[in-house]
Visitor: 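Quick one: structure below, then a few questions.
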Amino acid sequence: MGGKCPHRKVKKRRLSHKTARRGKFLVKADDAVYDELLKLADAGKDAADASQQLPVDEDLPGMGQFYCLHCDRYFASESVKEEHYRSKRHKKRIKQMSGPAPHTQLDAELAAGMGMPDNGLKLMSM
Amino acid sequence: MRLEKCWFCSSTIYPGHGIQFVRNDAKIFRFCRSKCHKNFKMKRNPRKVKWTKAYRCLHGKDMTQDSTFEFERKRNRPERYDRNVTEQTLKAIPVIIKTRHERHKKHITNRHKDGKTKQRERDVKELEQDIEMLPKKDIMLPTQKPKVVVKVSQQQTEEKLMEE
């Protein structure tokens, strides 16, 4: 016993809760997902095309074969994935991703009354 | 040395202030104070939080398009030092800031004025529509109006007669 907090024992304090929150850090951020979708759209593909050729990964659920691009989630099987597609959360996410681009540092700078960045002349013609 | 802008609220971050977050895809997020950092961690959208510059610009609260915004920008190229240019720049800064403040003030007064005129329009419309709601001794109706009322009543009586 002992320490600062009378209700929290030493053993409890030693445990890190970071591992419990691990999933929160692993989820891709909104703007990253948005960029990915934009890249796909430029290549002329849609989300269904991209999910057909996925690399096999033993550590992921369903060997990493059933992936939702919008929500950045892996599923155990096709049926679970389909169920996810029908969920409210997924539909909300799609709506969000088809809307305006997420806030960026450039937006923040423009709002602060700065002009567009000046990169000068292009020196290398590639 | 650069004066960066806060990712969340767009305020200026002076050296030694704020906190910086580098995501694992090497994107940098700078925050001016813990308030902005916390709001970022809560995944709030600065466009939807009313006290940020992004919200204010998006909703027409602040001036967005102005020639004074063209001076301050990120210049990603080296500039050869020139004493005269530096001197002129330093002289220009307070002048530009002053004009910007004046224009901003004007923008805000115009913004406020717009609401007033609309309110007046609404008041006039209401007065036209519901003038009968007032007590009769207070109304100074134009002379044509009672005539119109009489005409309508006559028509109604005629129609009633026809029906009968």
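In the text below, chain A, chain B and the rest are named by the order of the sequence lines, each starting its count at 1.
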Visitor: Is the distance between the ring centroids of A:Y74 and A:Y67 under 6.0 Å?
Guide: yes
Visitor: Is A:D31 in contact with chain B via its backbone, its side chain, both, or neither, using a 4.5 Å heavy-atom distance?
Guide: side chain
Visitor: Sort B:R23 into side chain, backbone, both or neither according to what part of it lies under 4.5 angstrom from a heavy atom of chain A.
Guide: side chain
Visitor: Decide, yes or no, whether a salt bridge links B:K27 with A:D35 under the criterion of side-chain N to carboxylate O below 4.0 Å.
Guide: yes
Visitor: Can you name the nearest heavy-atom pair linking A:K28 to A:D72, along with the distance?
Guide: N-OD2, 2.9 Å
Visitor: Which class fits the ring pair B:W7 and A:H103: parallel under 30°, tilted 30 to 60°, perpendicular over 60°?
Guide: perpendicular
Visitor: Between B:S11 and B:K53, does a side-chain hydrogen bond (donor to acceptor under 3.5 Å, both in side chains) hold up when you go through it step by step?
Guide: CA-CA 8 Å; B:S11 66; B:K53 264 289 197 206; over 6 Å; no
Visitor: So if I take each residue of residues 105-115 of chain A and look for any heavy atom under 4.5 Å from a heavy atom in chain B, which residues do I end up with?
Guide: A:Q105, A:D107, A:A108, A:E109, A:A111, A:A112, A:G113, A:M114, A:G115
Visitor: So, A:R93 and A:D30, do they make that salt bridge, N to O below 4.0 Å?
Guide: yes
Visitor: Determine whether a donor-acceptor pair (N or O, by modelled atom type, separation under 3.5 Å) exists between the side chain of B:T109 and the backbone of B:K105.
Guide: yes
Visitor: Is the number of heavy atoms from other residues, nucleotides or ligands within 6.0 Å of CZ (A:R89) greater than 12?
Guide: no
Visitor: Select one option (side chain, backbone, both, neither) describing which atoms of B:C9 are under 4.5 Å from chain A's heavy atoms.
Guide: neither
Visitor: Under 30°, 30 to 60°, or over 60°: which ring-plane class applies to A:H84 and A:F75, parallel, tilted or perpendicular?
Guide: tilted
Visitor: Please report the shortest heavy-atom distance between B:I108 and B:K61, naming the atom on each side.
Guide: CG1-O, 4.5 Å
Visitor: For B:F31 and B:F21, run ring pair (Phe, Tyr, Trp, His ring centres under 6.0 Å): C-alpha distance rounded to whole Å, both residues' side-chain angles, the deciding distance at 0.1 Å, then the answer.
Guide: CA-CA 8 Å; B:F31 304 101; B:F21 167 58; 7.4 Å; no
Visitor: Within residues 76-91 of chain B, which positions have a heavy-atom distance to chain A below 4.5 Å?
Guide: B:N76, B:R77
